Enquirer: 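Handing you this structure, nothing more for now.
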Amino acid sequence: MTDKPMPVPTTGHVPVAGIDTPDHRGRTGLDRAGRDLDRNPDVVVRDVELTSQGWHVLRRTTFDYRRSDGRWTTQQRETYDRGNGAVVLPYDAEHGRVLLTRQFRYPAYVNDHPDGMLIEAAAGLLDGDDPVAAIRRESAEELGVTLGPLTHVLDAYMSPGSVTERLHFYAAPYTPADRTGTGGGLEEDGEDIEVIELPFTDALAMVRDGRITDGKTILLLQWAALDGPFATAPGPR
């Protein structure tokens, strides 16, 4: 009787989910993002590492950067990629009201918010849709409102030091007849959203006294007061 030969261990590359093979969301090549960037001649990307990949993606990128004095330095930055999103402020100008949401936000809760229950404008990730389609979807799911014409307010990077997300801001009129559903979000996504209809003046007061602390919501409310549906014409000087 002869012994069977022992298998010879291989030293080849071990496939990594999200890079070589599909991850749980069917994605590959997650370490490729940014490698081909050449729009800025003062930035040369050297390496991109996938450091964490759950529902969203954390990367560490090494790049050379030419400073304003001409010297080149090598730097590393971590970026959190959660995709891009859209946010909307529905307003009823006739009755002076806006539709907002209240929901639990653990990141705010763990960073000194009293109870984590944030009052916000309805928002969501694009998830492959264009911004207009995405915000109509989110408005129906979260607010139970069917939006009419949308006004594009602006696009903004909300935390550009670490988060790649670009947020598309919209506003839209609504009437009581447009509230065609109950809202509340999708339970299968862990959402438990309260719909809040507020007088616009109350919403502004809540910004001033700290009851509304969400950045995207503050921006839209300030826009509505300065340039939007609740702006007042300047008086004589």
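For clarity, every value in this text was computed on a predicted model and none was experimentally measured. The analysis underlying the following values was restricted to heavy atoms, covering all of them including side chains, and did not include hydrogens, waters or symmetry mates.
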Enquirer: Are any of the side-chain heavy atoms of E138 and T101 separated by less than 4.5 Å?
Expert: no
Enquirer: Hydrophobic clustering (ILVMFWY, side-chain heavy atoms < 4.5 Å, transitive) - are L143 and I196 grouped together?
Expert: no
Enquirer: Side-chain heavy atoms nearer than 4.5 Å, only ILVMFWY residues, links allowed to pass through others: does that put V153 and L150 together?
Expert: no
Enquirer: Does the side chain of E49 come under 3.5 Å of the side chain of T51 through a donor N or O and an acceptor N or O?
Expert: no
Enquirer: Please report the shortest heavy-atom distance between P199 and R97, naming the atom on each side.
Expert: CG-NH1, 3.8 Å
Enquirer: Under a 4.5 Å cut-off applied to non-hydrogen side-chain atoms, are V132 and Y170 in contact?
Expert: yes
Enquirer: CZ/F169 to OG1/T151 distance, rounded to the nearest 0.5 angstrom?
Expert: 14.5 Å
Enquirer: Crowded around Y80 OH? As in, over 12 foreign heavy atoms under 6.0 Å?
Expert: yes
Enquirer: Looking at R66 and D42, is there a salt bridge between them, counting it only when a charged N and a carboxylate O are closer than 4.0 Å?
Expert: yes
Enquirer: Between atom CG of D31 and atom CD of Q53, what is the distance when rounded to the nearest 0.5 Å?
Expert: 11.0 Å
Enquirer: Can you tell me how far the CE atom of M117 sits from the CG atom of D192, to the nearest 0.5 Å?
Expert: 7.0 Å
Enquirer: Is the backbone of V16 close enough, under 3.5 Å, to the side chain of D20 for a donor and an acceptor to pair up by distance?
Expert: yes
Enquirer: If only atom types and distance count, is the side chain of R59 paired as donor or acceptor with the main-chain N or O of R32 below 3.5 Å?
Expert: no
Enquirer: Test side chain to side chain contact (heavy atoms under 4.5 Å, CB included) on I135 and H168; report intermediate values, then the result.
Expert: CA-CA 9 Å; I135 205 56; H168 305 274; over 6 Å; no
Enquirer: On a heavy-atom basis, which atom in V45 and which in F63 lie closest, and how many Å separate them?
Expert: CA-CB, 3.9 Å
Enquirer: Please name the pair of heavy atoms, one in P22 and one in A17, separated by the smallest distance, quoted to 0.1 Å.
Expert: O-CB, 4.2 Å
Enquirer: Quick check for you: to the nearest 0.5 Å, what is the distance between R208 atom CZ and L221 atom CG?
Expert: 10.5 Å
Enquirer: Establish whether M206 and V98 are linked, either directly or via other cluster members, by ILVMFWY side-chain heavy-atom contacts under 4.5 Å.
Expert: yes
Enquirer: Atom CD in E165, atom OG in S162: separation rounded to 0.5 Å?
Expert: 11.0 Å
Enquirer: Between Y91 and F200, does the ring centroid distance fall short of 6.0 Å?
Expert: no
Enquirer: Membership question, hydrophobic clusters at under 4.5 Å side-chain separation (ILVMFWY): are L167 and I218 in the same one?
Expert: yes
Enquirer: Does a side-chain heavy-atom distance below 4.5 Å link F104 with H113?
Expert: no
Enquirer: Counting N and O atoms only, with roles assigned by atom type, does the side chain of D81 sit under 3.5 Å from a partner on the main chain of T164, one being a donor and the other an acceptor?
Expert: no
Enquirer: Within the structure provided, determine whether T79 and V57 are in side-chain contact (heavy-atom separation under 4.5 Å).
Expert: no
Enquirer: So which atom in A86 and which in P131 form the shortest heavy-atom distance, rounded to 0.1 Å?
Expert: CB-O, 3.9 Å
Enquirer: Compare every heavy atom of L118 with every heavy atom of A108, then report the nearest pair and how far apart it is.
Expert: CB-CD1, 3.7 Å
Enquirer: Before giving the answer on side chain to side chain contact (heavy atoms under 4.5 Å, CB included), spell out for M158 and V163 the whole-Å C-alpha distance, their side-chain angles and the decisive distance to 0.1 Å.
Expert: CA-CA 8 Å; M158 299 301 290; V163 182; over 6 Å; no
Enquirer: Per the side-chain hydrogen bond (donor to acceptor under 3.5 Å, both in side chains) rule, what does the pair list look like for residues 118-136, sequence neighbours excluded?
Expert: R105-E120, E120-K216, D129-R137
Enquirer: Taking the side chain as every heavy atom from C-beta outward, state whether R179 and V195 have any pair of such atoms under 4.5 Å apart.
Expert: yes
Enquirer: Cluster question for you: counting only ILVMFWY and a side-chain heavy-atom cut-off of under 4.5 Å, with indirect links fine, are V207 and I119 together?
Expert: yes
Enquirer: Please name the residue in the list D64, T61, T62 that meets the side-chain hydrogen bond (donor to acceptor under 3.5 Å, both in side chains) test with R46.
Expert: D64
Enquirer: Heavy-atom distance under 4.5 Å between the side chains of L154 and L219, does that happen here?
Expert: yes
Enquirer: With side chains defined as the heavy atoms from C-beta onward, is the minimum distance between R77 and Y65 less than 4.5 Å?
Expert: no
Enquirer: Return yes if some donor-acceptor pair links the side-chain N/O of T217 with the main-chain N/O of A121 below 3.5 Å, else return no.
Expert: yes
Enquirer: If every non-hydrogen atom of L89 is compared with every non-hydrogen atom of A224, which pair is closest and at what distance?
Expert: CD2-CB, 3.9 Å
Enquirer: From L100 CG over to I193 CD1, what is the distance, rounded to the nearest 0.5 angstrom?
Expert: 12.5 Å
Enquirer: What do you reckon, is CH2 of W72 surrounded by more than 12 foreign heavy atoms closer than 6.0 Å?
Expert: yes
Enquirer: Look only at the side chain of R67 and the backbone of T73, and say whether a donor-acceptor pair between them is shorter than 3.5 Å.
Expert: no
Enquirer: Does the side chain of L37 reach to within under 4.5 Å of the side chain of V43, using non-hydrogen atoms?
Expert: no
